[in-house]
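Notes follow the structure.
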Amino acid sequence: MTTALITHADCLRHETPEGHPEQVARLEHILHALEPLDLKRVSAPMVAEDDILRIHPVDHLRALRSAHPSEGYVQIDGDTFMSPGTLDAAFRAAGAAVRAVDMVLGGEVQNAFAAIRPPGHHAETETAMGFCFFGNAALAAKHALEHHGLNRVAVVDFDVHHGNGSQDLLWDEPRALFVTSQQMPLWPGSGRVDEDGVHGQILNMPLPPESGGAEMRAAYTGQAFPRIRAFKPELIIISAGFDAHRDDPLASLNWSTEDFAWLTAELCALAEELCQGRIVSTLEGGYDLNALAQATRGHVEELIKAAT
Ligand SMILES: [Zn+2]
């Protein structure tokens with residue numbers, strides 16, 4: 001079995017103003033770092049509108065379409081911009097997440113990494129925010145549940161920022177366990193332990209500023225892994241943000257490239273134990289270009305190891 005790398009050149013057409021951390025160069029650095037790896041390379045389709053409408057109301061789609069610029073930039077909130085290529089990129093990003101689910105559940109590949117932008121985990125039901133337009137990971141989870149008929153999916157989010165959007169979109173979904181670690185305090189401010197979902201199916205693990213790999217490993221080993229094991233997911237979806245890296249300019253956790261590889265290997269082992277190794281990983285944040293590229297490469301290398 002192999003690991004799929006799903007991406008599309010349209011994801012490089014979502015442009016942001018000079019100096020914006022969520023920049024085209026992020027994905028360029030990642031794709032360059034992944035070039036030597038043995039991966040099944042797949043072109044991301046545009047997402048089907050039905051997949052978007054499973055998690056976002058049609059008004060959200062309409063609002064984005066009407067805001068979409070034909071030139072220059074449109075500012076959606078304090079740090080979220082649209083350029084003429086944004087909607088195509090967002091449709092490819094969501095489409096990559098869905099295609100990853102189809103390939104893994106269809107047995108075409110063991111696991112898959114969607115190298116995409118814009119990211120997704122801050123997009124709430126009706127609100128684009130925090131560089132995000134559609135909830136890629138939540139959309140993939142709903143696709144697995146509704147289209148493929150799975151009964152239980154786990155979504156694990158290790159981006160340094162709280163996945164407020166995924167939490168909002170999965171808040172009342174008993175078939176999805178949402179496990180998320182984040183620096184606290186930090187933007188967007190949510191992610192307290194007592195935010196646990198309608199069915200108690202959300203696990204928030206706030207981590208203090210300046211904490212590092214030891215605190216992360218303790219939280220995942222002590223809390224996350226037992227919860228995932230007890231939930232018995234049929235698929236694990238990862239919101240893979242690499243901005244908890246010690247070199248990242250937007251946050252102050254001190255994870256190393258090895259910490260991301262350790263966490264990935266542990267999640268692969270859990271998937272092997274619980275769900276025939278089925279993992280779909282989608283890119284979220286990570287803003288130091290070199291740290292992002294190296295940590296992503298380490299993450300994908302662990303996926304490849306688990307697939308062979
Ligand atoms: Zn982030």
Side-chain angles (χ1 to χ4, degrees), residues 11 14 16 19-27 29-30 76-81 89-90 93-94 97 113-124 127-138 140 155-170 178-192 195 204-213 215-216 219-220 224 237-257 259-260 263-264 281-296 298-299:
C11 292
H14 165 49
T16 51
H20 194 286
E22 207 295 280
Q23 56 183 308
V24 173
R26 295 179 61 238
L27 185 53
H29 274 66
I30 286 173
I76 302 296
D77 76 359
D79 47 26
T80 310
F81 292 82
F113 178 66
I116 51 178
R117 56 185 291 282
H121 74 150
H122 295 307
E124 297 187 343
T127 312
M129 62 181 276
F131 319 157
C132 301
F133 299 90
F134 303 124
N136 303 325
V155 179
V156 179
D157 185 333
F158 59 71
D159 190 279
V160 78
H161 302 96
H162 181 234
N164 60 295
S166 300
Q167 174 166 294
D168 181 51
L169 293 162
L170 299 173
F178 181 49
V179 173
T180 168
S181 59
Q182 55 274 346
Q183 180 184 323
M184 180 167 278
L186 185 67
W187 189 93
S190 51
R192 297 187 316 270
E195 297 166 25
N204 270 294
M205 301 187 297
L207 298 167
E210 300 306 332
S211 64
E215 289 86 348
M216 177 277 283
Y220 275 89
I237 295 172
I238 301 176
S239 259
F242 297 94
D243 40 9
H245 195 283
R246 61 165 64 102
D247 292 341
D248 198 275
L250 295 197
S252 46
L253 292 193
N254 292 314
W255 300 11
S256 64
T257 299
D259 289 321
F260 289 102
L263 181 51
T264 308
S281 175
T282 69
L283 180 66
E284 300 286 359
Y287 303 99
D288 179 88
L289 295 176
N290 290 322
L292 171 65
Q294 289 316 307
T296 303
H299 175 69

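For ligands, and for the atoms within them, numbers begin at 1 and follow the listed sequence. For this chain, numbers begin at 1 and follow the sequence in order.
- For the residue pair Thr180 and Gln182, a side-chain donor N or O sits within less than 3.5 Å of a side-chain acceptor on the partner.
- Taking the six-membered ring wherever Trp is involved, the centroid distance between the rings of His299 and Phe242 falls below 6.0 Å.
- Among the backbone and side-chain atoms of Asp243, an N, O or S atom lies under 2.8 Å from the Zn ion (ligand 1).
- The atom name of the N/O/S atom in Asp159 closest to the Zn ion (ligand 1) is OD1.
- The minimum distance between the Zn ion (ligand 1) and any N, O or S atom of His161 involves atom ND1.
- Aromatic ring orientation, His161 versus Tyr287: perpendicular (interplanar angle above 60°, classes split at 30° and 60°).
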field: Full working for side chain to side chain contact (heavy atoms under 4.5 Å, CB included) between Asp247 and Asn290
entry: CA-CA 9 Å; Asp247 292 341; Asn290 290 322; over 6 Å; no
